[in-house]
Amino acid sequence: MTRVVVTGVGVISAAGNAPEPFWDALLAAKPLFAEARATPGTGILAAEVLAEPDWDGLGVKASSCDRSALFAVYAARQALARAGLEPPFESPDRVAVILGNGAGGVCSVEEQYVRRYEQAQTRVHPMTVAKAMVSSSASWVSMATGARGPCFVTSSACASAAHAIGTALQFLRAGLADVAVAGGVEASLSNGALRAWDAMKIMSSTACRPFARGRDGLILSEGAGVLVLETKEHAARRGARATVELAGFGSNADAGNLFAPDVEGMAAAVRLALADAGLSPADIAYVNAHGTGTAANDKAETEALTAVFGAGRAPPVSSIKGVAGHGLGAAGGIEAVATVMAMERGVAPPTANFDAADPDCPLDCIPNVPREMAIPAALSNSFAFGGLNASLAFRRI
């Protein structure tokens, strides 16, 4: 079987606009939540990209792009630069772009609703359709870099990015590309979207506390996380440095409740990833959990990991959402970047805001302080509304 390696990572998030500041923020375990700019006076919290970079030089016209597309191009170009694959590519037809995105250009659409109905303007912006398309982020990355291989977006709520990365793995294994820009992006912190999430009564008004006793909900965020994946042969041929392999992918559906997590479905996805990677549960040293900070999700994920690893035998687990928030369609990409960086550095990021252990979540959650440890193999989990489960298995080379 063709082996696939990670040769570059890129990220933009509330925790930082490059891998190094992002990583430092995760290790500091300080939450980056504040009242959302789109909903002043409501108390609705979010983790926003406040220190926006200069969008000039990305190779796209910023005014024609939704915020999500700008995030995607920024993170993709960053990851390609770190991989030593800045365009123009030698074989652009062999470079794929596969991204996850949950909501598309929801902020752009809402801006035009305000323009039409609140401001009573008769015309909306002529780029509204292009900005709204869920697929636009992948298209803009392709156009900005010249990548001419398979190019599309997967949209499966909070599992979107993990599905994109797993699909890229399969494309590379199948010989349909030599390189893939894969990950996830989201920029959906609009007034309407935030109020819709708030209406579900699953958002915290204080802090996201994954797996901790007294946790009371998630906090939404925005950003992008991107990996550059290559076949091992292609990376070796050009002398690229790679220390982490994307070894396996598991994906399934609960075929049950739209919102309630299913332990059996979660566990099955993890087992599929392990089997695809040729790994046993005993090989896994660390799990980057989905860990949303909601009572139901964290309990179910704990039970799923217990089903896979055995009672009291799960490896150390952490969730970065206590710092960076829940990136929805971007979450699996941002968390894959964190997982790869943890393996490269031999440090597991902590679970922030972990005040007290919850008997319903008997895991080693790496509370509040990073842990130095060898990580020869790791999992990154994404479990989405709609009963859509995805798990990625990584291995040190």
Side-chain angles (χ1 to χ4, degrees), residues 11 13-16 22-33 45 47 158 162 202-204 206-221 223 225 261 266 270 284-306 308-309 312-327 330-343 345-375 378-383 391-392 394:
V11 67
S13 75
F22 166 75
W23 182 250
D24 290 344
L26 297 187
L27 298 193
K30 294 180 180 179
L32 298 167
F33 314 134
L45 301 179
C158 310
I202 59 170
M203 292 175 64
S204 175
T206 54
C208 177
R209 295 184 288 274
F211 299 107
R213 188 171 62 195
R215 63 190 180 280
D216 60 354
L218 57 85
I219 291 177
L220 299 183
S221 65
M266 290 177 169
V270 172
I284 300 300
Y286 167 69
V287 177
N288 189 290
H290 188 56
T292 62
T294 62
N297 176 87
D298 294 359
K299 182 176 186 292
E301 188 168 7
T302 298
E303 292 175 359
L305 293 174
T306 299
V308 171
F309 292 98
R313 294 166 59 188
V317 171
S318 68
S319 168
I320 67 169
K321 291 183 174 72
V323 171
H326 191 342
I334 293 171
E335 289 157 16
V337 169
T339 303
V340 170
M341 295 184 75
M343 298 178 73
R345 287 158 172 73
V347 180
T351 301
N353 312 315
F354 194 92
D355 300 325
D358 185 347
D360 286 340
C361 301
L363 298 170
D364 176 0
C365 294
I366 316 179
N368 303 314
V369 179
R371 183 178 302 170
E372 292 189 10
M373 54 186 286
I375 308 177
L379 294 170
S380 184
N381 292 334
S382 296
F383 304 126
S391 183
L392 302 169
F394 294 91

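One is the number of the first residue; the rest follow in order along the sequence. Model, not experiment: these values are computed from the prediction.
With a 4.5 Å cut-off on side-chain heavy atoms, Ile334 and Phe22 count as touching. Contact of the Ile366 side chain with the Pro349 side chain is not registered, since no non-hydrogen atoms from C-beta on lie closer than 4.5 Å. Side-chain contact between Asn297 and Met266: present, with at least one pair of heavy atoms (C-beta onward) separated by less than 4.5 Å. Looking at Glu303 and Asp360, their side chains never come closer than 4.5 Å, going by heavy atoms from C-beta outward. Contact annotation: the side chain of Phe33 approaches that of Asn353 to within less than 4.5 Å [non-hydrogen atoms, C-beta and beyond]. In this structure, Leu45 and Met203 have side chains that are not in contact, with every pair of non-hydrogen atoms separated by 4.5 Å or more.
In this structure, Arg209 CZ and Cys365 SG are separated by 14.0 Å, a value rounded to the nearest 0.5 Å. Between Asp298 atom CG and Phe211 atom CZ the span is 4.5 Å, to the nearest 0.5 Å. The CG atom of Asp355 lies 12.5 Å from the CZ atom of Arg215; values are rounded to the nearest 0.5 Å. A distance of 8.5 Å separates CE of Met341 from CG of Leu27, quoted to the nearest 0.5 Å. Here the straight-line distance linking atom CG of Leu218 with atom NE2 of His326 works out to 6.0 Å at 0.5 Å rounding. Atom OG of Ser391 sits about 10.5 Å away from atom CG of Asn288, to the nearest 0.5 Å.
Nearest heavy-atom pair across Met373 and Ala285 is CE-O, 3.2 Å. Here the closest non-hydrogen pair linking Ala162 and Leu392 is O-CD2, 3.8 Å. Of all heavy-atom pairs spanning Ser221 and Gly325, the tightest one is OG-C, 3.4 Å. In terms of heavy atoms, Val287 sits closest to Ile284 at CG2-CG2, 4.1 Å. The two residues Val347 and Pro370 make their nearest non-hydrogen contact at CG1-CB, 3.8 Å. When all heavy atoms of Glu301 and Asn381 are compared, the pair lying nearest together is OE2-ND2, 3.5 Å.
Side-chain atoms of Ser318 and Tyr286 form a donor-acceptor pair, as typed in the model, at a separation below 3.5 Å.
Taking 4.0 Å as the cut-off between side-chain N and carboxylate O, Arg371 and Asp364 count as a salt-bridged pair.
Sparse packing is recorded around CZ of Arg313, with 12 or fewer heavy atoms of other residues, nucleotides or ligands lying under 6.0 Å away.
Distance alone, capped at 3.5 Å, places no donor-acceptor pair between the Ser319 side chain and the Thr351 backbone.
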